Each structure stands twice: as C-alpha cells, then as structure tokens.
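Encoded as structure tokens, the structure appears first; notes follow it.
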There are 2 protein chains.
Amino acid sequence: MAGEPRSKDLGKDLGKSGQLDFPRPLTTVDVVIFTISGDSLQVLLVQRPADEGEPFPQAWALPGGFVDVAKDRDLAACAARKLREKTGVTSPYLEQLGSWGSATRDPRGWSATHAYFALIPDDAGTLASDARWCPIQGGRLKDKLAFDHGDILATAIQRLRNKVEYTSLPAYLMPAEFTLPDLQRVYEIVLDRPLEKSAFRTRILSADMIEAVAKMRRGPNRPAQLYRLKKGREPVYFVRTFNPPE
Amino acid sequence: MAGEPRSKDLGKDLGKSGQLDFPRPLTTVDVVIFTISGDSLQVLLVQRPADEGEPFPQAWALPGGFVDVAKDRDLAACAARKLREKTGVTSPYLEQLGSWGSATRDPRGWSATHAYFALIPDDAGTLASDARWCPIQGGRLKDKLAFDHGDILATAIQRLRNKVEYTSLPAYLMPAEFTLPDLQRVYEIVLDRPLEKSAFRTRILSADMIEAVAKMRRGPNRPAQLYRLKKGREPVYFVRTFNPPE
DNA sequence: TAAGTAAGTTGGACTGTACAACTAACTATG
DNA sequence: CATAGTTAGTTGTACAGTCCAACTTACTTA
C-alpha cells in the first residue's frame with residue numbers, strides 16, 4: 001500500500017468519477033516543540049537550507065517537512081518522527097494543534113500543514129545540529145519565521161497558555177523529579193504572571209497527579225519536598241481557572 | 001496561480017531538492033455540522049454515491065470532499081463552501097476540529113482530511129437533497145459511518161461537550177430570539193445532564209453575552225423574557241465549569 | 001546566636017455554585 | 001370566580017475553593 005499512488009500515475013486507474021485527478025496540495029507536518037530553560041519558555045527552530053531553489057533560504061522555521069507516505073503510517077507518527085529526528089525524544093507530550101492550508105502559504109503551490117505541539121523537559125534528548133532553542137519573550141518570538149510559521153507558533157503559545165490555566169500540562173515540562181515551587185515557577189513562566197502559593201499547592205496536591213519521593217531538595221534554606229509525575233500520565237483538567245488577570 | 005501545479009507536472013520544474021516529487025496524500029475537508037432539534041443533538045450526514053468505483057458506496061458520511069485548489073483560497077474557505085453547499089448557511093460558528101491522516105483511512109491511498117465543526121440554528125438555511133439530520137443518542141450515532149468519520153464525529157461530540165462546560169457555544173445553536181430556559185435546555189441536551197437554574201442564570205446574565213429584547217414569550221404559564229445574542233459574537237469563556245458529574 | 005531566605009501552613013474575606021424553598025404570572029377547569 | 005397546575009424567576013443558606021496576608025519552619029551564612 002505504501003509507495004503508491006505515485007503522483008504521475010494519478011487518474012489512470014483510480015476512481016471513475018475522476019475526482020482523484022484533481023491536483024493535490026502539498027502535505028507537510030510541522031511540530032512546535034516547547035521547553036522551559038533559563039527562566040523562559042523556549043521553542044525549537046531549525047534553519048532552512050541555503051539553496052536558492054528552496055523557499056525562505058536560511059530563514060528560521062519550525063521543524064517539519066513533507067509527509068512520507070512510505071514511512072509514516074499516520075500524521076501523529078510523522079510528527080513523532082520529526083520530533084525524534086530533531087531532539088531524540090521519543091515519548092513526550094504530543095498533541096495536535098491544527099492545520100494551516102492555503103494557496104499562498106508556500107510559494108511552491110497550494111499546501112497544507114498539519115501542526116503538532118510537544119512539551120519536553122529541558123534536559124531530555126540531544127539536539128540535531130541544525131536545531132536551536134529560541135526564547136519566547138513577552139509571548140512572542142523576536143525573529144520572523146518562514147512560511148506562516150509565525151502564525152502557527154502564536155497559536156501554539158496561545159493554546160499552551162490557555163490550557164495551563166486549567167490543566168496539568170506544565171508537568172510535562174518538568175524533569176523527572178521536581179519540587180512544588182519548581183512547578184509553580186513553570187506555571188508562572190508560561191502564564192507570565194504570579195500565582196498564589198497556597199491556592200496553587202492545594203490545587204496541585206488535590207489533583208492526585210504527582211507523588212512525593214522520599215527525598216528533599218536541599219539548598220541554602222528550608223529543604224523542599226521532591227515529587228514525580230504519577231504513572232498513567234493523562235493530563236488533569238481543573239474545574240476552575242486560576243484567577244485570570246483583569 | 002489556480003489550476004496548477006497539475007499532479008502530472010510534478011517534479012518537472014519545481015524544486016531542485018526533488019522533494020516535491022514525493023507522492024502527495026489526498027487532501028480533503030470534512031465538516032461536522034451540529035444543530036439542536038426535537039430535544040436532541042443532531043448531526044448532518046450525506047449519503048455516498050452508489051457507484052461501485054467509489055469507496056463506501058451508499059454509506060453515510062460527513063459532508064466534505066477534496067480541496068479544490070482552484071476554488072478554495074484556504075482550508076476555512078473550503079469548509080465554509082461545503083457547509084454552504086449542504087445547508088445554505090453562510091455565517092455560522094465554524095471552528096477547526098483537527099486533522100486525520102493515514103495510509104489506511106481511504107482505500108484510494110494515503111489521505112488526510114481537515115475536519116471542521118459548525119453550529120447552526122435549527123431553522124437556518126435549506127438542506128441539500130442528499131443530506132439528512134441524524135440524532136445523536138447517548139453521545140453516539142446509531143449507524144456506522146464511512147471512512148474514519150465515526151472517529152471524527154466522536155471527537156467533535158467530545159469537543160462540543162467539553163467546551164459547553166465552560167463557554168457560551170450553545171448560543172450559536174439558538175434561533176434569533178430565545179429565552180433563558182430555552183438556552184438552559186440546549187446546554188442540558190448537549191451535556192446530557194440537568195443544570196442548576198439559579199447558577200445557570202447568574203452565569204449567563206453576568207457574562208454580558210445576551211441582551212433582552214422588549215418582548216416576552218407567552219404560553220400557558222408565566223411569560224418568559226426573550227433575549228438575543230449581542231453583536232461582536234466571540235464566544236465567552238467562563239472561569240469555572242458547571243459542577244461536573246462525579 | 002542572629003539575620004536572611006525560601007518552604008510550607010493558617011485563617012478570614014470573598015466569589016460563585018449547590019440545593020431547596022420560595023414568589024410571580026399566566027392558563028385551564030369546575 | 002376560585003383553585004389547581006405549570007413554568008419563570010428569586011431568595012437564602014451551605015459549601016468549596018481562591019485571594020490575600022501573615023505566620024511558622026528549616027535550613028545556611030556571617
């Protein structure tokens with residue numbers, strides 16, 4: 001089943017209605033990969049080839065590329081492959097973000113991309129040589145990106161912030177062991193506003209999503225309890241948001 | 001720009017890297033169109049052609065079809081076109097649901113569909129002759145659908161229910177004028193559980209999403225105030241969910 | 001030993017839902 | 001014409017969870 005139909009064969013042997021003879025849009029998958037590092041949210045970007053035949057030569061872009069109908073069983077597998085190729089990470093939080101398709105987003109013709117978004121811990125995996133972490137300042141990236149990747153990234157940031165208000169998603173950005181203040185800091189970085197300590201603790205602890213390990217993080221002050229994510233790692237949905245800023 | 005590249009031309013004149021010579025997946029758009037009618041949630045289905053050359057002949061399916069790179073500027077326009085062709089409705093609530101793509105979902109080859117979901121009032125538009133409203137009983141449809149449309153529909157129902165917990169989406173299912181008990185009934189139909197009257201009223205009225213019209217709905221009992229949606233019809237997000245069932 | 005700092009707790013004010021009983025406005029019926 | 005029935009809409013108490021702020025705890029460093 002893989003490998004055909006080749007585009008040149010179209011319309012010869014398939015479909016009496018002739019519908020398959022329609023020109024087909026280009027189909028790609030892009031992945032917005034987030035991590036937290038150095039007190040800011042970071043996104044993984046790759047630089048496009050310098051070759052003049054390529055669109056947006058040398059511009060920064062989201063990792064992604066064409067669906068390989070021979071290799072990729074489905075879209076999620078394709079996204080997981082892109083993620084693995086760039087970071088070495090194999091089992092992160094990966095969800096579909098949406099799709100962007102239009103006549104004009106790619107100079108090569110009508111194209112549609114399926115965008116995914118992934119959360120990985122700072123220390124996970126090893127970066128590909130053409131990939132770089134770029135910090136997100138004030139909810140935006142400084143540079144312009146190739147294609148409509150700026151729009152896709154903006155949507156991803158909005159989705160992440162939105163979900164962080166009422167889910168346990170930031171847990172997937174944490175290393176294997178972390179403290180409650182660590183976790184709160186990550187929430188605050190993503191939301192870009194301070195949260196109430198006592199309400200935060202109550203909420204997280206009553207959500208039954210993390211468990212204490214028999215260790216403390218020691219430092220120059222009172223030691224903090226270490227926790228880890230519980231198995232069966234479905235994200236938790238809270239019934240209230242944190243009190244939103246006016 | 002429209003009309004090319006034809007699939008047969010591929011690889012002749014585009015891209016030195018040869019990447020464009022990859023076989024391209026089929027690209028379609030499908031729309032899950034919901035309404036409320038007769039005390040139940042309904043979804044619009046169309047029957048596939050009887051022609052044996054077609055996949056799933058005569059099976060029921062979501063309205064949709066191939067992206068027409070000549071007609072459709074982008075995916076949302078394509079979805080709006082499908083919606084218009086089947087219902088005559090032009091400005092409903094329309095949001096992207098996600099995309100489904102795999103080697104096996106369409107017997108004709110690797111294919112990806114971009115799914116949208118729409119909410120329209122019961123009385124809006126006029127149905128195409130091959131389209132039918134089908135009730136959703138207990139969160140499911142009785143019949144099996146063509147392709148993976150059963151999965152897509154299940155996702156749409158889940159998304160709708162999820163959002164109804166904390167947004168004003170059901171407002172888009174209402175006719176031009178409606179009462180608060182009408183609206184509450186629609187919430188209850190979608191959620192399939194009763195809601196608290198006083199909390200419901202407080203929430204909706206303080207959300208500043210509807211305005212009273214100078215009319216009452218009269219019936220065999222106490223008349224009810226009629227309301228309409230306010231202009232600037234962005235959906236409202238509530239900071240709490242309704243109290244979820246256990 | 002005292003000062004400094006971050007972890008973690010406690011308590012009162014406030015917001016909005018849950019639950020239940022209530023009042024209001026109409027029709028239908030004897 | 002009074003009364004029962006029905007649905008619209010309000011009110012009041014209990015409760016859950018956040019907000020805000022002050023507090024205690026446990027450690028390091030000077």
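Letters go in sequence order (proteins before strands), and every chain restarts at 1. Only a predicted model underlies this, so the values are computations on that prediction, with no experimental measurement involved.
- For the pair B:Arg193 CZ and C:dT17 P, the interatomic distance rounds to 13 Å; values are reported in whole Å.
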Problem - Nucleic acid footprint by protein, nucleotides 20-30 of chain D - heavy-atom cut-off 4.0 Å, B for base, S for sugar-phosphate alone - result: BB---BBBS--
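- The salt bridge (Lys or Arg N to Asp or Glu O under 4.0 Å) search around A:Arg201 returns none, not counting sequence neighbours.
- One interatomic measurement links the two molecules: CZ of B:Phe238 to P of D:dT18, which rounds to 20 Å at whole-angstrom precision.
- Atoms CG (B:Leu226) and P (D:dA8) sit 12 Å apart, rounded to a whole Å.
- Within the structure, ring-ring contact (aromatic ring centres under 6.0 Å, His included) contacts touching residues 134-157 of chain A (residues at least two apart or in different chains) are A:Phe56-A:Phe147, A:Phe147-A:His149.
- For residues 170-186 of chain A, the salt bridge (charged side-chain N to carboxylate O under 4.0 Å, His left out) pairs, not counting sequence neighbours, are A:Glu177-A:Lys215, A:Asp182-A:Arg185, A:Asp182-A:Arg217.
- Considering only side-chain N and O atoms, A:Arg203 lies nowhere under 4.0 angstrom from the phosphate OP1 or OP2 of D:dG17.
- Counting only residues at least two apart or on different chains, the side chain to side chain donor-acceptor pair (under 3.5 Å) pairs with a member in residues 75-84 of chain A are A:Asp72-A:Arg81, A:Arg81-A:Glu85.
- Looking at residues 166-182 of chain A, you'll see that no heavy atom sits under 4.0 Å from any atom of DNA chain D.
- Per the geometry, CD belonging to B:Gln184 stands 13 Å off P belonging to D:dT10, to the nearest Å.
- We find that CZ of A:Arg217 is positioned 14 Å from P of C:dA6, with the value rounded to whole Å.
- Straight-line distance from the CE atom of B:Met216 to the P atom of D:dT7: 16 Å, rounded to whole Å.
- Residues that satisfy the side-chain contact (heavy atoms from CB on, under 4.5 Å) test with A:Ala118, not counting sequence neighbours, are A:Val31, A:Ile33, A:Leu83, A:Leu94.
- Distance check: B:Phe117 CZ to B:Ile152 CD1 gives 14.0 Å after rounding to the nearest 0.5 Å.
- Legend: residues meeting side chain to side chain donor-acceptor pair (under 3.5 Å) with B:Gln42, ordered by chain and number and at least two apart, are B:Ser40.
- Both tests pass for A:Arg203 against the ring of A:Phe238: distance under 6.0 Å to the centre and angle within 45° of the axis.
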Side-chain atoms of residues 124-146 of chain A: list all donor-acceptor pairs with protein atoms under 3.5 Å, sequence neighbours left out, distances to 0.1 Å.
unit_1: A:Asp130; atom_1: OD1; unit_2: A:Lys86; atom_2: NZ; d: 3.3
unit_1: A:Asp130; atom_1: OD2; unit_2: A:Lys86; atom_2: NZ; d: 3.0

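- What separates CZ of B:Phe200 from P of D:dG9 is a distance of 12 Å, to the nearest Å.
- For the pair B:Leu195 CG and C:dA18 C1', the computed distance is 12 Å after rounding to whole Å.
- Residue A:Arg185 places at least one side-chain N or O closer than 4.0 Å to OP1 or OP2 of C:dA7.
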